[in-house]
Amino acid sequence: SALFYTNFDLTQNKRGSMHTYQLKKRDFVSVNIDLKQMGVGGDNSWGAKPHPQYMLPPKEYFFKYKIIPIVNSNTKLN
């Protein structure tokens, strides 16, 4: 995700207490990059685990990435 808010800005004291339109937009973009995401629940709302194909086994994961800016001819870089 790429947002004008930090993770701290998005942390709420209680569920439903703030919405993004109520937050002050930052003058930077906070980028979060995930390798993988695991399912949060199974087939019911009573604590069933995700199906095995949606689970991430506990192990050391590694990935790398490169961010390259896309610049058009009208953009000035400092």
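Nothing here was measured: the structure is a model prediction, and the numbers come from that model.
In plain terms, the two heavy atoms of Ala2 and Val29 that are nearest each other are CB-CG1, 3.8 Å. Scanning all heavy atoms of the two residues, the minimum distance from Leu56 to Met38 falls at N-SD, 3.2 Å. Summarising the geometry of Phe28 relative to Phe4, their closest heavy-atom pair is O-CD2, 3.4 Å, with the distance given to 0.1 Å. In terms of heavy-atom proximity, Lys25 sits nearest to Tyr5 at CA-CE2, 4.0 Å.
Within the 4.5 Å cutoff, side-chain heavy atoms of Leu3 are placed close to those of Leu10.
Counting non-hydrogen atoms of neighbouring residues, nucleotides and ligands closer than 6.0 angstrom, the CD atom of Glu60 reaches no more than 12 such neighbours. Within a 6.0 Å sphere centred on CZ of Phe8, other residues, nucleotides and ligands contribute 12 heavy atoms or fewer.
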Checking Phe63 against Tyr61 for the side chain to side chain contact (heavy atoms under 4.5 Å, CB included) test, could you report, in this order, the C-alpha distance in whole Å, the side-chain angles of both residues, the deciding distance, and whether it holds? CA-CA 7 Å; Phe63 74 109; Tyr61 293 92; over 6 Å; no

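The existence of a salt bridge linking Asp9 and Lys24 is excluded, since no basic side-chain nitrogen approaches an acidic carboxylate oxygen closer than 4.0 Å.
The cluster map of Ile, Leu, Val, Met, Phe, Trp and Tyr, joined by side-chain heavy atoms under 4.5 Å apart, puts Ile33 and Leu35 in the same cluster.
Here the OG-CG distance, from Ser1 to Asn7, works out to 7.5 Å after rounding to the nearest 0.5 Å.
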